[in-house]
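The block underneath contains the structure these notes are about, expressed in structure tokens.
Heads up: numbering here begins at 1 and tracks the sequence. Both backbone and side-chain heavy atoms feed into the values below; hydrogens, waters and symmetry mates do not.
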Amino acid sequence: MTSSQPTRGIDTSRPHSARMYDYYLGGKDHFEVDKQAAERVAEVYPAIFVCARENRAFMHRATRVLAREHGIRQWLDIGTGIPTEPNLHQVAQSVVPDARVVYADNDPLVLKYAERLMRSTREGRTTYIEADVNNVETLVNSAELAEVLDLSRPVALSLNALMHFVTDVQDPYGIVRRLLGILPSGSALALSHCTPDFDPPTWQKVTDIYTAAGTPVQFRSRAEVTRFFDGLDLLDPGVTVGHHWRPDAAETGSASHGTPTDAEVSLWTGVGIKP
């Protein structure tokens, strides 16, 4: 069942992007207003469910690659959204049990369900920070972050399906630069970002729906997404559509979903290492 009772501190009068994303993933932590907005998006872009699923799959693969091949043991996941298992820390700790993960989001509903994010292995650590990506200094200087992450050692900065909610007027490239600036050499950026490249008219309609709901968005081209990785060493295959980024054999062309098209996914993804 969809959540139906208003929760203290949560605005249920208008849709919220995190709760709409929960609906796309088949979750139950959203309200009727979110369902209605999400279904308006699905009317113009039926593959939004594919896009959401492939975004999660990319996060899983990128996390495993960074843990297995690049020695990453710490993650800062901003814009984590409503918990959907397996969460990032569960993926990381399945590879390296001592992985430490800090989740950050500014949605009160995420805070309500944050206890789901705290089920760490005994060797590892997790915590949740209520913070806004637009306020980098407050986020990185929080006591909760300092208790879990050692910023003198490499950290993977995970920005999945977040930066298209940061418009140019908010200085998205400056935000990413400042976040990476406090991380040491060997750290990583794993980023996914919706794009209008494959069907501009459809994505303009999606933009209009989010804007009308009170959530400004700015979907970007491949060249614009690639700018987020300036100064980093991009891992192969570079910035590519989500399902093409190091696909697992078990995921490719599965019986339940089949292989999506680039236009269905409409998601640029990449992972870069800080020199």
Side-chain angles (χ1 to χ4, degrees), residues 1-60 77-88 90-91 103-117 128 130 133 158-166 192-196 199 202-219 242-243 251 254 256-258 260-261 263-267 269:
M1 290 178 60
T2 302
S3 298
S4 58
Q5 296 300 316
T7 304
R8 183 176 299 176
I10 296 174
D11 182 1
T12 62
S13 66
R14 65 180 188 178
H16 190 287
S17 57
R19 302 192 305 254
M20 291 170 66
Y21 185 62
D22 175 75
Y23 179 80
Y24 300 146
L25 289 172
K28 299 179 180 179
D29 298 319
H30 54 267
F31 300 97
E32 184 64 26
V33 66
D34 308 303
K35 177 181 177 181
Q36 291 174 1
E39 289 182 343
R40 285 196 294 274
V41 172
E43 285 176 7
V44 301
Y45 173 41
I48 185 63
F49 305 101
V50 176
C51 177
R53 186 178 72 241
E54 292 299 332
N55 180 64
R56 291 289 298 179
F58 162 74
M59 182 273 284
H60 294 167
D77 181 36
I78 305 177
T80 183
I82 295 167
T84 302
E85 293 193 1
N87 294 309
L88 188 150
Q90 293 170 312
V91 176
Y103 294 101
D105 204 292
N106 67 341
D107 181 10
L109 190 63
V110 177
L111 178 63
K112 179 178 182 290
Y113 290 104
E115 63 268 16
R116 294 187 193 174
L117 302 176
Y128 170 79
E130 188 169 9
V133 72
S158 180
L159 303 177
N160 289 301
L162 172 67
M163 297 310 293
H164 48 243
F165 294 111
V166 182
S192 62
H193 196 299
C194 288
T195 182
D199 189 349
T202 289
W203 281 89
Q204 183 57 56
K205 293 175 184 176
V206 174
T207 299
D208 293 342
I209 292 169
Y210 273 94
T211 301
T215 302
V217 290
Q218 187 165 348
F219 303 116
H243 62 310
E251 294 176 352
S254 65
S256 58
H257 298 299
T261 65
E264 286 176 320
V265 178
S266 287
L267 187 78
T269 61

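- To the nearest 0.5 Å, atoms CZ (Arg53) and CG (Leu267) are separated by 12.0 Å.
- Counting only residues at least two apart or in different chains, side-chain hydrogen bond (donor to acceptor under 3.5 Å, both in side chains) contacts with residues 40-49 are absent.
- When all heavy atoms of Cys51 and Val265 are compared, the pair lying nearest together is SG-O, 3.2 Å.
- Contact between Ile78 and Leu162 at its shortest, heavy atoms only, is O-CD2, 3.6 Å.
- A 4.5 Å side-chain heavy-atom check between Phe31 and His16 finds every atom pair outside the cut-off.
- With values rounded to the nearest 0.5 angstrom, Ile209 atom CD1 is found 11.5 Å from Glu39 atom CD.
- Between Trp203 and Phe219, the ring-plane angle classifies as perpendicular under the 30° and 60° cut-offs.
- For the residue pair Asn87 / Tyr103, no side-chain donor-acceptor distance below 3.5 Å is found, with atom types taken as modelled.
- The two residues Met59 and Asn160 have their closest heavy-atom pair at CG-ND2, 3.4 Å.
- Taking each heavy atom of Gln218 and His193 in turn, the nearest pair found is O-CE1, 3.4 Å.
- If you take CG on Asn106 and CD on Glu130, they are separated by 7.5 Å, rounding to the nearest 0.5 Å.
- Under the salt bridge (Lys or Arg N to Asp or Glu O under 4.0 Å) criterion, Asp34 pairs with Arg19, sequence neighbours left out.
- For the atom pair NE2 of His30 and CE of Met20, the computed distance is 11.0 Å after rounding to the nearest 0.5 Å.
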request  = Tell me, with the steps shown, if Tyr21 and Asn55 meet side chain to side chain contact (heavy atoms under 4.5 Å, CB included).
outcome  = CA-CA 11 Å; Tyr21 185 62; Asn55 180 64; 2.8 Å; yes
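- The heavy-atom pair separating Ala18 from Ile82 by the smallest distance is O-CD1, 3.9 Å.
- For the atom pair Ser266 OG and Glu54 CD, the distance stands at 11.5 Å (nearest 0.5 Å).
- In this structure, Thr80 contributes its side chain and Ala104 its backbone to no donor-acceptor pair below 3.5 Å.
- Closest non-hydrogen pair, Ser158 versus Asp77, comes out as OG-OD1, 3.2 Å.
- With a 4.5 Å cut-off on side-chain heavy atoms, Val41 and Tyr24 count as touching.
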